[in-house]
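Reminder, nothing fancy here: chain letters follow the sequence lines and each chain counts from 1. Just so you know, these numbers come straight off a predicted model, no measurement behind them.
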Amino acid sequence: MHYLPASEDDKRAMLSAIGAARVDELFKDIPPEIRCEKGLDIPAGLSEQELKTRMAAMAARNTAPGGAPCFLGAGAYDHFSPAAVDHLLSRTEFYSSYTPYQPEMSQGTLQSIFEFQTMMADLTGMDVSNASLYDGASATAEAALMASRIRRGKKILVARSIHPAYREVLGTYLRCLDLDTEEVPFGRDGRMDLEALSSALCPDVCALLVGQPNFFGVVEDLPSIARSLEAVDKKPLLAVTVSEALSLAILNAPGSSGADIVAGDARSFGLPLGYGGPYLGFVTAKKAHIRQIPGRICGQTTDEEGRRGFVLTLTTREQHIRRERATSNICTNEGLCMLGATIYLALMGRRGLTELARLNLSKSEYLKEALAKRGITPLFDGPTFNEFAVKLPAGAASKAAEALAGAGMIGGYPLGGDYADLQDGYLVCATEQVRREDCDRFAEVLGGLK
Amino acid sequence: MHYLPASEDDKRAMLSAIGAARVDELFKDIPPEIRCEKGLDIPAGLSEQELKTRMAAMAARNTAPGGAPCFLGAGAYDHFSPAAVDHLLSRTEFYSSYTPYQPEMSQGTLQSIFEFQTMMADLTGMDVSNASLYDGASATAEAALMASRIRRGKKILVARSIHPAYREVLGTYLRCLDLDTEEVPFGRDGRMDLEALSSALCPDVCALLVGQPNFFGVVEDLPSIARSLEAVDKKPLLAVTVSEALSLAILNAPGSSGADIVAGDARSFGLPLGYGGPYLGFVTAKKAHIRQIPGRICGQTTDEEGRRGFVLTLTTREQHIRRERATSNICTNEGLCMLGATIYLALMGRRGLTELARLNLSKSEYLKEALAKRGITPLFDGPTFNEFAVKLPAGAASKAAEALAGAGMIGGYPLGGDYADLQDGYLVCATEQVRREDCDRFAEVLGGLK
Amino acid sequence: MSRWTEEKLLFELDHPGRRGVTLPAADVPEADPRELLGAMHREAEPARLPELSEVDVVRHFTRLSTFNYAIDFGLYPLGSCTMKYNPKINEQTARMEGFSRLHPLQPQSMSQGALELLYELQNRLCAIAGFDACSLQPAAGAQGEFTGMQLIRAYHESRNDLRKVVLIPDSAHGTNPASAHFAGYDVEEVRSSDDGRMDMDALKQRMETDVAGIMLTVPNTLGIFQENIREICDIVHAKGGQVYIDGANLNALMGMTRPGDWGADVMHINLHKTFSTPHGGGGPGAGPVVCRKHLEPFLPRPVVVKTGSGFKLDHDRPQSIGKVHAFNGNFLVLVRALTYIDTLGREGLPEASRLAVLNANYLRARLSEELEPGFKGNTLHEVVFSDRTLPEGITTMDIAKRLIDYGFHPPTVYFPLIVHGAIMVEPTETEPREELDRFVAAVKAVLEEARTDPEKVKSAPHDAYRRRLDEVTAARIPRLTWEPG
Amino acid sequence: MSRWTEEKLLFELDHPGRRGVTLPAADVPEADPRELLGAMHREAEPARLPELSEVDVVRHFTRLSTFNYAIDFGLYPLGSCTMKYNPKINEQTARMEGFSRLHPLQPQSMSQGALELLYELQNRLCAIAGFDACSLQPAAGAQGEFTGMQLIRAYHESRNDLRKVVLIPDSAHGTNPASAHFAGYDVEEVRSSDDGRMDMDALKQRMETDVAGIMLTVPNTLGIFQENIREICDIVHAKGGQVYIDGANLNALMGMTRPGDWGADVMHINLHKTFSTPHGGGGPGAGPVVCRKHLEPFLPRPVVVKTGSGFKLDHDRPQSIGKVHAFNGNFLVLVRALTYIDTLGREGLPEASRLAVLNANYLRARLSEELEPGFKGNTLHEVVFSDRTLPEGITTMDIAKRLIDYGFHPPTVYFPLIVHGAIMVEPTETEPREELDRFVAAVKAVLEEARTDPEKVKSAPHDAYRRRLDEVTAARIPRLTWEPG
Ligand SMILES: Cc1ncc(COP(=O)(O)O)c(C=O)c1O
Ligand SMILES: Cc1ncc(COP(=O)(O)O)c(C=O)c1O
């Protein structure tokens with residue numbers, strides 16, 4: 001009970017101030033028939049020492065990247081994070097504080113949100129950014145909803161090459177809202193099939209969602225896609241989804257390729273893989289759409305003495321003001337992850353981030369070649385960043401995981417489960433965390449599969 | 001070079017303010033013949049990512065307690081430290097600040113020293129404490145020097161049962177100072193041989209050093225020892241050495257058993273084993289000896305507005321004022337370790353620390369019985385705290401380490417190397433970190449040795 | 001130390017040529033991005049990313065941190081937010097590499113410990129709230145609400161019973177109507193009666209077969225327990241509706257009563273409130289959903305199940321509403337929550353609730369000498385005062401801002417909407433009595449100042465990093481990113 | 001946040017009945033301490049250990065922390081202290097369990113990684129300083145000095161050449177004479193000449209065969225490099241003496257020149273200065289000793305050696321002076337130092353020294369407009385000003401205290417003793433230029449105030465947690481522990 005400061009004396013004194021005889025009296029509004037008579041059916045409390053031993057044992061029953069080189073991406077990329085990031089996130093002033101509702105007491109958090117917004121807008125080529133959403137998947141769904149509010153259309157085109165989990169979440173979000181989706185197929189280069197796109201475009205379409213890079217790691221030709229949209233009367237919005245945020249440092253900013261909204265996940269910026277969460281959803285957009293953005297936004301203002309300061313702003317978009325007419329139901333978001341990404345980006349700087357992206361490209365190209373030498377060639381011929389799909393011998397994809405685990409590696413992602421037409425497709429990724437010899441070994445094991 | 005902020009522009013601007021053309025000019029006082037022409041013969045710098053991988057690999061080539069139950073004490077005891085300790089020590093305000101020479105800017109550190117002094121004085125039954133020394137060994141040596149200054153004698157009696165490493169460090173410190181030591185043997189109960197003590201006492205003796213518990217884990221009968229000293233004319237000082245500080249919570253305070261000085265190591269209070277350092281030396285003493293205490297001392301005072309505050313005080317004892325006539329040469333001490341212990345003691349509280357000491361006693365008594373069941377019995381019959389010596393079958397002590405390592409345990413300490421007369425003696429320890437089943441397994445392996 | 005009075009923006013500190021990170025040397029040939037990416041290669045470096053050394057960056061954020069308040073400084077009495085102490089061991093377990101570095105899609109054979117942890121947490125939450133099944137995917141309370149609403153919808157749809165309306169009391173948190181809306185429902189507000197509880201007549205009158213369900217916060221945002229909650233469930237169920245409980249206030253109830261035993265159908269739990277995971281200046285949190293058997297088939301997939309030999313992610317759930325999160329929810333938040341639950345355990349959690357309620361009632365008793373509670377009845381873990389007794393011309397906001405000068409974070413203000421100028425105080429169980437007394441003294445002092453020196457209060461804060469900030473201009477002329485010059 | 005203005009002592013916060021830690025349940029029978037320990041059993045609990053919850057303790061120390069300054073806030077220009085930035089990765093490596101939990105006496109077969117680390121650090125330090133052998137045992141600079149002096153003594157003794165005196169310049173740090181004294185030597189001071197260097201005539205005159213050696217700090221505490229250091233070594237050696245170098249100022253020299261190449265015999269290195277291990281509010285540090293071949297046999301035992309199959313602690317050193325530390329020295333500090341050395345590496349360490357000297361000379365140039373350096377010549381990594389140009393009635397201490405109000409930690413003051421009212425400034429290489437400029441501006445503003453508003457300066461600090469503290473009374477009537485009442 002070392003988190004509970006009240007001693008018996010305290011309790012007595014407080015009860016007497018209240019005018020109650022026992023603590024249980026305070027619960028008298030709970031009718032006896034719904035009282036928990038038997039107590040809770042959970043284990044007795046543990047000392048910190050026992051607890052830590054137990055959790056460490058559970059942690060040890062996992063094999064994490066680091067212990068094993070990781071060739072798995074598929075929406076979660078194994079990047080290195082400098083120690084300074086976690087050190088700063090461990091300051092209680094950051095991690096134990098609440099959403100900055102009282103700005104005079106929260107300028108540390110608010111200024112860092114403003115910095116995050118500025119950097120994310122720059123990276124994505126947009127004018128404004130929010131302060132985070134849950135993850136890339138729900139951010140993509142929110143972007144779709146945002147587009148449907150802006151363009152008031154009922155139909156949303158979705159690249160079939162968007163991350164399958166993102167598409168599933170999108171489905172969950174759109175299902176009940178009377179919004180239709182239609183998938184746009186990819187071509188042999190793994191990019192969006194522009195002809196199919198053109199024929200899917202109809203007046204009711206309010207937006208097109210496309211991944212950059214897409215789920216296959218392929219870099220889409222966004223300008224051509226944007227041109228296809230412009231050909232339509234009431235131009236649908238181009239919403240681009242980015243699940244590997246590091247790519248923003250080496251690919252043309254979506255905003256300068258015609259995107260109206262960018263949604264995605266910025267976890268790659270210094271945050272742990274963490275078995276899937278917490279991640280860092282975000283949405284950026286062109287200025288015209290400010291009032292339809294979901295989530296918190298921080299703005300610059302001044303205090304009574306004219307000094308610069310920051311506040312949460314445009315709150316009339318939000319649930320606590322607008323209730324059911326809010327732009328989103330989001331309240332608690334991913335504040336500390338946002339701060340971590342801000343620190344990471346400040347450490348990397350424009351040169352560092354660009355060089356890191358190039359290093360990822362180089363590693364991935366090396367892996368491509370190492371695999372090619374073993375007869376494993378890319379599934380698509382479109383350009384890629386740090387991830388690409390290959391074609392394995394028939395049946396090999398299902399055996400890969402075990403063979404690689406046996407060799408102390410974390411393998412790629414078999415595409416057959418999500419794409420019935422890509423049964424032997426296998427998605428692999430190489431970041432700065434894998435070494436040349438890891439790639440060689442990986443190619444060797446994979447090449448040995450029959 | 002990410003720790004070095006100066007850009008080329010900065011360098012140019014600064015050089016021009018200095019009036020120098022190149023940075024190397026600033027080194028012109030170093031004659032060419034002693035310039036380092038070839039550069040440093042060390043490896044090129046590593047990125048943080050590479051470095052961390054390399055250090056993690058080195059760390060992985062060690063087997064630490066936690067990975068393996070630890071029955072090794074011998075001056076370093078495996079205790080649990082609550083997460084709050086390390087969290088607080090990680091605050092930059094504590095770990096990156098300097099010795100509190102400017103008290104107005106260092107009250108956080110100073111107040112915690114004052115708290116440490118108060119608690120250590122209380123635990124040891126003394127009036128005053130210093131703010132730390134390097135470790136238990138050098139603290140013991142400093143206590144001997146202190147006693148020799150107070151009593152102006154040339155001879156120091158040292159219990160043969162004091163930690164061998166402490167005695168060796170003592171030797172290093174006393175050797176050059178014209179001080180003699182004489183060892184006082186232990187009896188069959190492992191305690192000091194009082195008769196031998198009495199006969200060693202002569203007018204030239206300024207102090208007796210005795211361990212509590214001693215190196216064999218045996219609890220000394222301090223009151224009887226003190227009485228022996230009192231029988232002498234110019235009573236020598238009784239200096240007690242404590243290397244397992246947790247014992248202070250369950251054994252009579254040395255101060256109330258006649259000690260004049262207590263020296264020791266308080267690492268057991270929440271600090272890591274750390275392969276031997278940094279540890280936490282300390283000295284406490286009776287008020288009369290204040291001005292002979294080595295090391296920093298913090299005292300209470302007031303500021304100009306009458307508010308309570310703390311400063312380093314009695315500094316005329318110290319090297320930066322008194323130079324070669326200082327009470328010690330110590331300058332940098334073990335500040336952050338002191339803070340860690342202070343936090344730990346505040347968390348444990350008087351009840352917690354007492355209960356923990358009892359738990360250690362219980363574990364160790366259990367281990368004694370488990371070993372006894374396997375025919376391994378204590379070497380001495382004096383009372384012990386969490387550590388005790390046993391007698392192994394002839395020749396078994398040298399095989400124990402390997403057998404236990406093979407069974408995934410860290411074994412005890414063979415006494416034969418330090419005590420030729422205890423060839424089959426083996427020192428074992430059980431703290432709160434070993435479980436009952438670990439003890440059983442340990443006894444099994446040890447009992448199986450022939 | 002002296003206080004930092006100014007800290008520039010990163011972009012103003014930008015110092016070309018500095019580096020904050022050294023990258024590993026390339027051990028592979030350098031690829032040419034221009035050649036590989038063609039027109040899609042980004043030529044211009046992202047100009048807003050500053051060039052700074054590690055020292056610069058660490059100092060910048062360390063200085064910024066000193067402008068924030070924190071739970072480790074003292075009471076953080078935000079009502080409805082359950083700002084309890086965040087134990088340090090939780091931070092350690094969440095940073096164990098076997099958790100923090102796991103890839104969400106890595107083979108389940110390599111993640112058995114993580115799956116076991118999820119499985120245990122599912123069970124604990126079901127046991128604490130009295131439900132049968134659990135999904136750990138929702139990333140926060142609002143996403144839990146959205147998920148729960150979707151479960152209700154899927155349930156009705158599976159019975160071909162299409163309903164359009166969800167009833168929500170006027171005291172509800174803003175996320176409730178918003179979540180119901182995004183789940184495709186029309187929201188209708190049910191007014192509270194004079195005792196701050198749901199008006200039973202209004203409910204009975206409106207509860208028809210077009211109503212999919214009701215969303216109730218229990219205890220509600222006034223801290224009041226809806227005594228007749230069972231009757232409410234019956235009324236709703238009688239018309240085929242479902243009962244959703246917003247579990248944000250579960251901290252009042254652990255081990256005292258279980259929503260599942262009231263007859264409720266589904267509920268979310270804010271781990272970042274009741275189970276002490278830190279708020280992080282705005283997240284991340286986690287909002288798991290627990291439900292009864294009949295809703296289980298609809299839960300987001302996958303869920304963790306136990307097999308003969310271990311644990312696995314069960315994706316084969318044909319009736320599932322689908323995913324709400326790309327992967328396994330906010331896993332590292334879940335690690336913290338399980339750490340906390342297993343630390344307090346069977347006896348500790350109920351004691352936490354008892355003490356949370358004791359602390360709140362103590363504050364209520366002490367502060368009622370000066371302030372008037374919005375409603376008369378008993379309250380549990382929090383108490384809401386109105387601005388009725390404030391001196392003429394002094395607003396709730398003035399009181400809040402002046403408390404900052406006394407070193408306290410202010411309470412929640414102007415929520416719930418049904419109390420005029422609401423001042424909503426939730427101390428939680430981790431506040432020691434002295435700290436509550438210190439707060440009471442500060443409130444009294446501020447109220448005294450409000451009478452004797454109102455200008456001082458109206459122009460507060462005076463002793464914070466910033467004076468009162470102009471929120472109106474911020475919204476009118478939004479400046480949302482930094483522009484040079 | 002608002003500043004904490006008061007924080008009680010732990011003992012005043014003591015709250016009987018609270019617990020800050022839960023102990024594990026006993027899985028063995030409870031032993032009876034009274035029975036087992038008899039009269040030696042402590043009956044009374046240690047009364048001064050407070051009873052507090054974890055929350056109370058965390059808040060107490062978090063609040064206390066806000067009364068401290070830190071390197072992560074800004075410049076910490078303490079001369080002779082080398083307050084450089086402490087990289088965060090160093091803290092991570094030192095906390096790796098494979099290092100932090102190791103028992104110092106565990107079998108060497110279970111500690112090969114730790115031994116390798118020690119071995120590598122020994123080699124790095126020898127390479128950087130130009131020596132043949134190393135002991136990592138000394139726990140700080142002063143213990144390194146003491147160890148080095150003992151090596152010299154053991155060396156002379158091994159040759160039956162008993163000597164009594166050690167020569168030390170008057171500019172030396174206080175630990176030098178103290179360490180020499182505790183190694184059994186009589187200390188004789190050698191005066192500095194007008195250029196701040198050792199007076200060669202005085203040296204030549206005094207250097208006889210009764211002199212065991214000389215202790216020199218290079219560059220010295222004025223930041224001045226002793227150009228004729230080789231000649232000094234020759235003079236000392238010619239009379240059979242040994243040359244000890246206090247390496248506290250190695251940060252000026254890395255990769256530029258190596259003491260071993262000057263002819264020096266032995267030297268200590270402050271890892272908590274040059275190699276960036278944190279100062280911890282007064283330690284722990286580490287003060288390894290490096291020496292030439294002829295002193296190696298006397299090094300403290302054990303030392304780490306490489307074997308065919310790995311690494312081992314070599315205890316078999318019959319001429320060793322013995323241990324100076326119970327175990328392996330301040331190992332976790334050593335981990336940090338190796339982390340730092342291997343991060344900067346071959347090119348980075350020399351660049352660090354170059355920039356440390358550049359920064360110091362920049363400050364010297366900028367501040368010389370207002371203050372007068374104690375000596376005229378060139379200086380390297382630090383610069384000492386005298387109080388000669390301060391306005392009448394204003395002391396060095398006044399300037400120092402007023403700088404606090406400007407948000408800076410003051411420089412070292414009144415040391416070295418040979419400069420009147422010394423103000424000793426060492427910026428280190430990790431300070432960005434803007435920070436140096438900010439400091440220059442603050443010093444200038446304070447000096448201007450000293451002329452225009454001297455009372456303000458004399459009564460500083462005004463804006464710190466405490467006003468000037470009464471050190472005289474503290475020493476006269478020592479209150480060294482808390483007493484109730
Ligand atoms: C009563 C109530 N319901 C729902 C929520 C929403 O939870 P979250 O912020 O986790 O989305 C909150 C949060 O403040 C709340 O207080
Ligand atoms: C020149 C000089 N020598 C020696 C020392 C003593 O080093 P330590 O404090 O590590 O014992 C110092 C420390 O301040 C110093 O500046």
### Task
Check each atom of D10(B) against the heavy atoms of chain D and say whether the ones under 4.5 Å are side chain, backbone, both or neither.
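For D10(B), the contact with chain D is made by backbone and side chain together.
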### Query
Just by distance, do the side chain of D303(B) and the backbone of R466(D) share a donor-acceptor pair under 3.5 Å?
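Checking the backbone N and O of R466(D) against the side chain of D303(B), no donor-acceptor pair under 3.5 Å is found.
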### Query
Can you tell which of E97(D), E91(D), R258(D) has the highest number of heavy-atom pairs within less than 4.5 Å of chain B?
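The answer is E91(D).
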### Query
Taking all non-hydrogen atoms of both residues, which atom of Y134(B) and which atom of A142(D) are closest, and how far apart?
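For Y134(B) versus A142(D), the nearest heavy atoms are OH-CB, 3.6 Å.
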#### Entry: K11(B)/E351(D) salt bridge by N-O under 4.0 Å criterion
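Counted as a salt bridge, because a side-chain N and a carboxylate O are separated by less than 4.0 Å.
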### Query
Checking heavy atoms, do the side chain of D24(B), its backbone, both or neither come under 4.5 Å from chain D?
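Interface part for D24(B): side chain.
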### Task
Taking only Lys NZ, Arg NE, NH1 and NH2, and the carboxylate oxygens of Asp or Glu, determine whether E33(B) and R230(D) approach each other closer than 4.0 Å.
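No, E33(B) and R230(D) are not salt-bridged.
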### Task
Find out whether E116(D) and N62(B) are in side-chain contact, i.e. whether some heavy atom of one side chain is under 4.5 Å from a heavy atom of the other.
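No - every pair of side-chain heavy atoms lies 4.5 Å or more apart.
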### Query
Closest approach of P29(D) and S362(B), non-hydrogen atoms and distance?
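That would be O-CB, 3.4 Å.
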### Proximal component of L332(D), with respect to chain B [non-hydrogen, under 4.5 Å]
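It is both, since atoms from each part get that close.
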### Query
Is a donor on one side and an acceptor on the other found under 3.5 Å between the side chain of Q106(D) and the backbone of T63(B)?
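Yes.
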### Query
If we only count heavy atoms from C-beta on, is the L314(B) to L480(D) side-chain gap below 4.5 Å?
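Yes, their side chains come closer than 4.5 Å.
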### Query
With distance as the sole test, does D122(B) use its side chain to make a donor-acceptor pair with the main-chain N or O of A47(D) at under 3.5 Å?
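Here the side-chain-to-backbone pair exists.
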### Query
With only heavy atoms counted, which part of S138(B) is less than 4.5 Å from chain D, the side chain, the backbone, both or neither?
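Only the side chain of S138(B) comes within 4.5 Å of chain D.
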### Query
Judged by atom type as modelled, is there a donor-acceptor pair below 3.5 Å linking the side chain of R42(D) to the main-chain atoms of L248(B)?
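Here the side-chain-to-backbone pair exists.
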### Query
Does D78(B) reach the side chain of H103(D), with side-chain heavy atoms less than 4.5 Å apart?
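No, every pair of side-chain atoms sits at 4.5 Å or beyond.
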### Query
At their closest point, which heavy atom of R101(D) faces which heavy atom of P65(B), and how far apart are they?
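Closest approach of R101(D) to P65(B), heavy atoms only: O-CD, 2.9 Å.
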### Task
Can you tell which part of P478(D) gets under 4.5 Å to a heavy atom of chain B, answering side chain, backbone, both or neither?
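It is the side chain, since no backbone atom gets that close.
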### Message
Please check: side-chain N/O of N68(D) versus main-chain N/O of G108(B), any donor-acceptor pairing under 3.5 Å?
### Response
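Yes; judged by distance alone, with no hydrogens or angles, the pair exists.
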### Query
Are D470(D) and T301(B) close enough that a side-chain donor and a side-chain acceptor fall under 3.5 Å?
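There is no such pair (donor and acceptor under 3.5 Å, judged by atom type) between the side chains of D470(D) and T301(B).
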### Task
Measure from the side-chain N and O atoms of R175(B) to the backbone N and O of I321(D), and report whether any donor-acceptor pair falls under 3.5 Å.
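Yes; at least one donor-acceptor contact below 3.5 Å.
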### Task
Please answer whether the main-chain N or O of R351(B) pairs with a side-chain N or O of R19(D) as donor and acceptor at a distance below 3.5 Å.
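No, because the side chain of R19(D) does not come within donor-acceptor range (under 3.5 Å) of the backbone of R351(B).
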### Query
Considering all heavy atoms of both residues, which atom of G281(D) and which atom of P100(B) are nearest to each other, and what is their separation?
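Heavy-atom minimum between the residues: O-CD, 3.6 Å.
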### Task
Answer with side chain, backbone, both or neither: which region of Y3(B) has an atom nearer than 4.5 Å to a non-hydrogen atom of chain D?
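For Y3(B), heavy atoms of backbone and side chain both lie under 4.5 Å from chain D.
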### Task
Return the option, out of S276(D), G38(D), S179(D), S109(D), with the maximum number of heavy-atom pairs under 4.5 Å with chain B.
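The option with the most such pairs is S179(D).
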### Task
May I ask you to test the E48(B)-T343(D) pair for a side-chain heavy-atom distance under 4.5 Å?
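No. Closest side-chain heavy atoms not under 4.5 Å.
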### Message
So for N270(D), is it side chain, backbone, both, or neither that comes closer than 4.5 Å to the heavy atoms of chain B?
### Response
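It is neither, since no heavy atom gets under 4.5 Å.
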#### Entry: R95(D) portion near chain B, given a 4.5 angstrom heavy-atom threshold
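R95(D) touches chain B through side-chain heavy atoms alone.
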### Query
With only heavy atoms counted, which part of Y85(D) is less than 4.5 Å from chain B, the side chain, the backbone, both or neither?
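Just its side chain gets close to chain B.
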### Task
To the nearest 0.5 angstrom, please state how far the CZ atom of F94(B) sits from the CG atom of L64(D).
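Those atoms lie 5.5 Å apart.
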### Heavy-atom check, side chain of M105(B) versus side chain of P410(D), under 4.5 Å
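A side-chain contact under 4.5 Å exists here.
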### Task
Sort out for me which of R350(B), E365(B), K363(B), M58(B) touches chain D most, counting heavy-atom pairs under 4.5 Å.
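Winner by heavy-atom pair count: R350(B).
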### Query
Thinking salt bridges, do D261(D) and R35(B) make one under a 4.0 Å N-O criterion?
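No, D261(D) and R35(B) are not salt-bridged.
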### Query
Using non-hydrogen atoms only, which part of T93(D) is less than 4.5 Å away from chain B: side chain, backbone, both, or neither?
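Looking at T93(D), just its side chain touches chain B.
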### Task
Can you measure from CD1 (I89(D)) to NZ (K52(B)) and round to the nearest 0.5 angstrom?
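Answer for the CD1-NZ pair, I89(D) versus K52(B), is 5.5 Å.
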### Inter-residue atom distance Y173(B).OH - F146(D).CZ, 0.5 Å rounding
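Atom-to-atom, Y173(B):OH and F146(D):CZ are 5.0 Å apart.
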### Task
Ignoring hydrogens and angles, tell me if any N or O in the side chain of E324(B) forms a donor-acceptor pair with the backbone of V187(D) under 3.5 Å.
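Not confirmed, E324(B) side chain does not pair with V187(D) backbone.
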### Heavy-atom proximity to chain B below 4.5 Å, by part of A400(D)
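Contact with chain B: side chain only.
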### Query
L78(D) versus chain B, heavy atoms under 4.5 Å apart: side chain, backbone, both or neither?
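Only the side chain of L78(D) comes within 4.5 Å of chain B.
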### Query
Heavy atoms, side chains only, cut-off 4.5 Å: are F114(B) and W482(D) in contact?
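Answer yes - side chains close enough.
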### Task
Heavy-atom distances under 4.5 Å only: say whether T354(B) touches chain D with side chain, backbone, both or neither.
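When you check distances to chain D, only side chain atoms of T354(B) fall under 4.5 Å.
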### Query
Where does P107(D) contact chain B at under 4.5 Å (heavy atoms): side chain, backbone, both or neither?
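The side chain, not the backbone.
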### Task
Using the six-membered ring wherever Trp is involved, compare the ring planes of Y98(B) and H279(D) and label them parallel, tilted or perpendicular (cut-offs 30° and 60°).
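Correct class here is tilted.
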#### Entry: Backbone N/O of K323(D) and side chain of T172(B): donor-acceptor pair under 3.5 Å
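Yes, the answer is positive, given that a donor and an acceptor are paired below the 3.5 Å cut-off.
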### Query
What part of I343(B) lies closer than 4.5 angstrom to a heavy atom of chain D: side chain, backbone, both or neither?
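Both parts, backbone and side chain.
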### Query
Rounded to the nearest 0.5 Å, how far does CZ of R346(D) lie from CG of D41(B)?
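The CG atom of D41(B) sits 8.5 Å away from the CZ atom of R346(D).
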### Task
State the CD-CG distance between Q300(B) and L469(D), to the nearest 0.5 angstrom.
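Taking CD in Q300(B) and CG in L469(D), the distance rounds to 11.0 Å.
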### Query
Contact part of I18(B) toward chain D, heavy-atom cut-off under 4.5 Å: side chain, backbone, both or neither?
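Both parts, backbone and side chain.
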### Portion of Q112(D) that has a non-hydrogen atom of chain B nearer than 4.5 angstrom
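Both the backbone and the side chain of Q112(D) come within 4.5 Å of chain B.
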### Task
Please flag which part of F27(B) lies under 4.5 Å from any non-hydrogen atom of chain D: side chain, backbone, both or neither.
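Both backbone and side chain of F27(B) come within 4.5 Å of chain D.
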### Task
Tell me, for P461(D) versus chain B, whether the close heavy atoms (under 4.5 Å) come from the side chain, the backbone, both or neither.
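The side chain, not the backbone.
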### Task
Might you point out which heavy atoms bring S100(D) and P272(B) nearest each other, and give the distance in Å?
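Between these two residues, the closest heavy atoms are O-CB, 3.3 Å.
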### Query
Closest approach of A121(B) and T481(D), non-hydrogen atoms and distance?
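Looks like CB-CG2, 4.0 Å.
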### Task
Check whether any side-chain N or O of T257(D) sits under 3.5 Å from a backbone N or O of I34(B) as a donor-acceptor pair, and report yes or no.
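Pair found, side chain donor or acceptor close to backbone of I34(B).
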### Message
Using heavy-atom distances under 4.5 Å, tell me whether L23(D) contacts chain B through its side chain, its backbone, both, or neither.
### Response
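For L23(D), the contact with chain B is made by the side chain alone.
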### Task
Counting only heavy atoms closer than 4.5 Å, note whether A180(D) contacts chain B via side chain, backbone, both or neither.
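Neither part.
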### Side-chain heavy atoms of S96(B) within contact of M83(D), under 4.5 Å
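Answer no - side chains too far apart.
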### Message
With rounding to the nearest 0.5 angstrom, report the NE2 to CD distance, H181(D) to Q319(B).
### Response
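Rounded to the nearest 0.5 Å, the NE2-CD separation comes out at 13.0 Å.
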#### Entry: Residue E54(D) versus chain B: region with a heavy atom under 4.5 Å
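When you check distances to chain B, atoms from both the backbone and side chain of E54(D) fall under 4.5 Å.
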### Message
Whether E104(B) and K401(D) form a salt bridge (side-chain N of Lys/Arg under 4.0 Å from carboxylate O of Asp/Glu) is what I want to check.
### Response
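The answer is yes: the pair qualifies as a salt bridge.
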#### Entry: Pairwise side-chain contact, R124(D) with P43(B), heavy-atom cut-off 4.5 Å (strictly under)
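SC-SC contact between R124(D) and P43(B) confirmed.
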### Task
Using non-hydrogen atoms and a 4.5 Å limit, figure out which bit of A56(B) sits close to chain D: side chain, backbone, both or neither.
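Both parts, heavy atoms under 4.5 Å.
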